[in-house]
4 protein chains.
Amino acid sequence: MGAVKTKRMPRAVREQQMMDAAVRTFGQRGYMAASMDEIAELAGVSKPLVYLYLNSKEDLFTACIRREATALVEAVRAGVMPELPADRQLWEGLRAFFTHTAQNPDGWAVLHLQARTREPFAAEVTAMREEIVAFVTQLIVVAAREAHRNPNLPEREVAGLAEALVGAAEALAAWANATPGTTARQAAATLMNFAWAGLGNLMDGRPWSPPPTPES
Amino acid sequence: MGAVKTKRMPRAVREQQMMDAAVRTFGQRGYMAASMDEIAELAGVSKPLVYLYLNSKEDLFTACIRREATALVEAVRAGVMPELPADRQLWEGLRAFFTHTAQNPDGWAVLHLQARTREPFAAEVTAMREEIVAFVTQLIVVAAREAHRNPNLPEREVAGLAEALVGAAEALAAWANATPGTTARQAAATLMNFAWAGLGNLMDGRPWSPPPTPES
Amino acid sequence: MGAVKTKRMPRAVREQQMMDAAVRTFGQRGYMAASMDEIAELAGVSKPLVYLYLNSKEDLFTACIRREATALVEAVRAGVMPELPADRQLWEGLRAFFTHTAQNPDGWAVLHLQARTREPFAAEVTAMREEIVAFVTQLIVVAAREAHRNPNLPEREVAGLAEALVGAAEALAAWANATPGTTARQAAATLMNFAWAGLGNLMDGRPWSPPPTPES
Amino acid sequence: MGAVKTKRMPRAVREQQMMDAAVRTFGQRGYMAASMDEIAELAGVSKPLVYLYLNSKEDLFTACIRREATALVEAVRAGVMPELPADRQLWEGLRAFFTHTAQNPDGWAVLHLQARTREPFAAEVTAMREEIVAFVTQLIVVAAREAHRNPNLPEREVAGLAEALVGAAEALAAWANATPGTTARQAAATLMNFAWAGLGNLMDGRPWSPPPTPES
DNA sequence: TATGAATGAGGGTTCATTCAT
DNA sequence: GATGAATGAACCCTCATTCAT
């Protein structure tokens with residue numbers, strides 16, 4: 001099941017293999033339940049090599065978190081185009097988020113389920129989360145101002161809204177992954193609807209309309 | 001630090017102490033990292049007594065999950081009054097939810113962070129979560145129908161909305177607990193606003209208005 | 001499954017119940033694997049009572065060995081009539097032995113399998129065994145002399161023969177118990193044949209003839 | 001007392017040392033009373049290494065049984081020469097048996113005393129015992145037929161005789177080991193005499209005659 | 001006579017980590 | 001660059017045994 005045992009690979013490649021194995025193992029078993037033995041075997045190398053390159057279980061896990069967090073933030077960032085209006089930016093960001101998490105379930109599990117359970121890893125994840133929350137916060141603030149809309153949303157309120165939005169996104173991602181037949185696009189649409197129009201408007205038949213899909 | 005070492009207590013009392021210690025330890029360390037030694041010490045008893053009464057680490061954790069899940073569902077249920085309109089019911093439910101999680105951070109951590117990371121415990125938590133999601137789902141459906149509003153929200157859409165709402169609530173609960181000076185009431189208001197009116201309306205200066213507070 | 005929980009029994013009766021439970025448990029599980037918990041439960045009493053009456057696990061086991069050893073020796077002794085000729089005495093003794101072991105499988109297991117595995121219990125069993133061996137030895141010696149037969153069997157040789165005979169009996173007892181459809185009488189006949197006539201004579205068609213069975 | 005602590009041995013060697021220590025410990029203490037700690041110390045290694053190589057206490061014990069059973073059967077088989085007459089074959093087999101058990105008291109204890117006390121190990125030993133019983137059985141049958149002797153010994157009778165013979169051998173082995181000054185050869189002679197001629201003939205002064213000893 | 005409450009001690013097992021090559 | 005050999009420490013769990021009533 002592990003990678004084919006090829007000998008004498010350059011360090012960078014070996015490290016990739018180890019990290020891949022680690023993300024998979026940590027994502028499925030959790031930090032504590034994952035064993036270095038299993039990771040080494042899955043990576044197709046001996047345990048001392050893992051220690052030589054990645055130093056310790058803790059360091060290895062931290063490296064996994066960082067890699068996956070960076071990849072997720074990257075994916076979301078790459079999805080949005082700053083010159084678009086705020087709702088379109090939000091929509092694209094959500095699409096990118098759901099797509100990435102669906103394609104990287106183990107990495108997502110590491111971030112969403114495993115890393116938050118214990119210090120000192122939680123801090124690492126919190127940092128990434130705050131980055132995304134800040135991005136969303138700014139989106140809201142700028143949008144409100146630009147559109148001559150209510151410029152007086154209090155700061156704490158905005159922060160809470162952003163937290164709520166991100167939390168909703170995370171829950172929907174888990175739900176979409178666990179519910180067969182639900183696409184990333186659908187999940188994004190549901191959340192966009194909810195976030196933008198609110199339940200009240202939805203019930204009144206005034207949903208937010210996703211744009212047509214020429215681009216994807 | 002542990003409970004005062006009182007001897008010869010009746011079984012029921014000792015079990016309570018053990019469960020309290022277990023919830024605290026599991027909530028802070030996670031299932032795998034928590035040790036029965038630590039739980040026993042925190043409970044002020046010897047390890048064999050914990051095994052005599054609670055049987056095994058797995059059983060103990062399961063008992064914790066069940067106790068905390070039941071308590072949370074109870075709290076939310078007790079907070080809502082079925083004869084009120086939907087938005088008021090939602091508001092009261094959220095208030096109860098945020099209040100309970102703020103008062104039981106360890107119990108909430110067990111449910112939100114620790115129990116989801118590994119089978120077979122996840123199932124236990126999923127069951128409770130689904131109960132709440134179902135409650136919210138019905139709220140939405142009934143509200144839409146009653147108010148002569150859009151009765152045609154597709155089923156899957158409604159399920160997604162409920163998931164999003166619950167996820168948002170969970171994230172806000174964590175955020176509120178971690179942010180000093182944020183009350184359960186404020187968190188509930190923020191979420192209610194977000195959920196009911198949506199970002200679009202909020203920006204247009206049309207928030208949902210929380211009712212005055214004679215009752216609490 | 002345990003005895004009906006009757007309260008306030010006289011000590012002698014309670015001790016019997018405990019010993020019965022102990023013999024059964026020790027016989028089936030072995031000394032080390034048997035737990036005082038199981039014995040107490042099977043006896044229908046609380047653990048402290050077992051300790052009050054029988055003192056310790058070791059003492060309890062010793063008591064079991066003594067009881068069962070005495071019973072077995074008693075049974076064999078009661079089976080033989082000293083005025084009969086030697087081969088008849090041997091025959092009756094074997095019959096009694098096989099009958100008793102078949103009727104007391106747990107007691108026999110305690111003596112045959114469990115007690116010999118570890119000091120200090122082995123000594124207890126060895127004592128009983130030597131009693132039986134001595135009995136058989138004397139049988140052989142007296143018989144040889146009485147019947148004007150070879151009076152010069154060397155002492156060590158006779159001891160060895162007795163050991164062999166007893167060992168054969170023990171093995172046959174286990175085999176008979178484990179082989180459905182084999183009666184104590186048949187086992188006794190087989191062994192008597194073997195011991196008295198020897199394989200050589202058996203093959204020559206000159207077996208020892210068991211007496212008819214008016215008496216049992 | 002333990003083996004000299006030599007470091008960095010190849011796996012095969014270490015496994016041998018562990019098995020040796022295990023046979024000794026199991027033979028003297030019994031399965032349940034033997035501790036992996038003691039075995040590891042006697043083998044001169046740490047406990048984790050024992051687990052790494054032998055997997056578990058149960059597996060280790062099973063391995064011991066198999067090794068000792070195989071060795072014993074091998075020794076007996078190697079002792080007999082199929083072209084000899086039946087009584088000579090039996091004689092040689094017994095000699096080999098007593099010699100081997102005298103030289104491997106711990107291995108013999110594992111098989112004779114310890115392994116029979118509890119499933120699932122008993123099955124392993126029973127298999128070996130049956131192999132020997134079958135060998136003896138065939139010896140008897142063939143001998144009876146070849147020599148124009150009684151060809152009509154009933155099957156069950158023959159099985160019982162073989163059991164008795166093997167049981168007698170086992171008892172004599174224990175006795176010979178416990179009685180100083182008793183050689184394997186003497187034990188074999190005693191049993192051969194008993195088994196072949198029977199007590200009746202012995203008393204009549206017609207023993208079976210062991211062959212002269214040019215070969216050993 | 002009888003027991004519910006409680007524990008010190010130890011056993012099997014696993015794991016992250018390191019040495020020597 | 002890579003690994004076979006090896007272990008200290010800790011964890012879950014059980015058991016014989018006792019105390020207080």
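Just so it is clear: chains get the letters A, B, ... in the order the sequence lines come, proteins before strands, and each one is counted from 1.
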Using whole Å, what does the distance between atom C1' of nucleotide dG1(F) and atom CE of Met18(A) come to? 10 Å

Please name all residues satisfying salt bridge (Lys or Arg N to Asp or Glu O under 4.0 Å) with Arg116(C), sequence neighbours left out, ordered by chain then number. Glu170(C)

With side chains defined as the heavy atoms from C-beta onward, is the minimum distance between Gln17(C) and Val13(C) less than 4.5 Å? yes

Gap between atoms CD and P, on Gln17(C) and dT1(E) respectively (whole Å): 14 Å

Holding to salt bridge (Lys or Arg N to Asp or Glu O under 4.0 Å), I want the full list of residues that pass it with Asp37(C), two or more places apart in sequence or in another chain. Lys47(C)

Whole Å only: how far is the CZ atom of Phe61(A) from the P atom of dA16(E)? 13 Å

Protein-nucleotide distance (Leu52(D), atom CG; dT14(E), atom C1'), rounded to Å: 11 Å

State whether Arg11(C) places a side-chain N or O below 4.0 Å from either non-bridging phosphate oxygen (OP1 or OP2) of dA2(E). no

Any salt bridge between Asp59(C) and Arg66(C), counting N to O under 4.0 Å? no

Under the criterion side chain to side chain contact (heavy atoms under 4.5 Å, CB included), I'd like the reasoning laid out for Leu60(D) against Phe26(D): C-alpha separation, chi angles, the key distance, then a yes or no. CA-CA 10 Å; Leu60(D) 175 54; Phe26(D) 284 135; 4.0 Å; yes

Just to be sure I understand: a Watson-Crick pair is purine N1 to pyrimidine N3 plus N6-O4 or O6-N4, both under 3.5 Å. Using that and G-U wobbles, which stems of three or more pairs involve DNA chain E? E:2-21 with F:2-21

Mind running side chain to side chain contact (heavy atoms under 4.5 Å, CB included) on Gln16(C) and Met9(C) for me, showing each step along the way? CA-CA 11 Å; Gln16(C) 277 305 316; Met9(C) 323 253 311; over 6 Å; no

Report the distance from atom CE of Met9(C) to atom C1' of dT3(E), rounded to the nearest whole Å. 17 Å

Nearest whole Å is fine: how far is dA2(E) P from Leu54(C) CG? 14 Å

Tell me the interatomic distance from Leu49(C), atom CG, to dG4(E), atom P, rounded to whole angstroms. 11 Å

Check the distance between dT7(F)'s P and Glu41(D)'s CD and give it to me in whole angstrom. 12 Å

Could you work out, with salt bridge (Lys or Arg N to Asp or Glu O under 4.0 Å) as the rule, every residue matching Arg29(D), not counting sequence neighbours? Glu38(D)

Nearest of dA6(F), dG1(F), dT1(E) to any side-chain atom of Arg14(D)? dA6(F)

Going through the distances and angles, do Phe121(C) and Gln114(C) end up as a side chain to side chain contact (heavy atoms under 4.5 Å, CB included)? CA-CA 9 Å; Phe121(C) 310 121; Gln114(C) 311 301 350; over 6 Å; no

Per-nucleotide protein contact along nucleotides 15-21 of chain F, 5' to 3', at a 4.0 Å heavy-atom cut-off (B base, S sugar-phosphate only, - neither), is BSBBBS-

Would you be so kind as to tabulate the donor-acceptor pairs closer than 3.5 Å made by side chains of residues 106-113 of chain B, with sequence neighbours excluded?
none

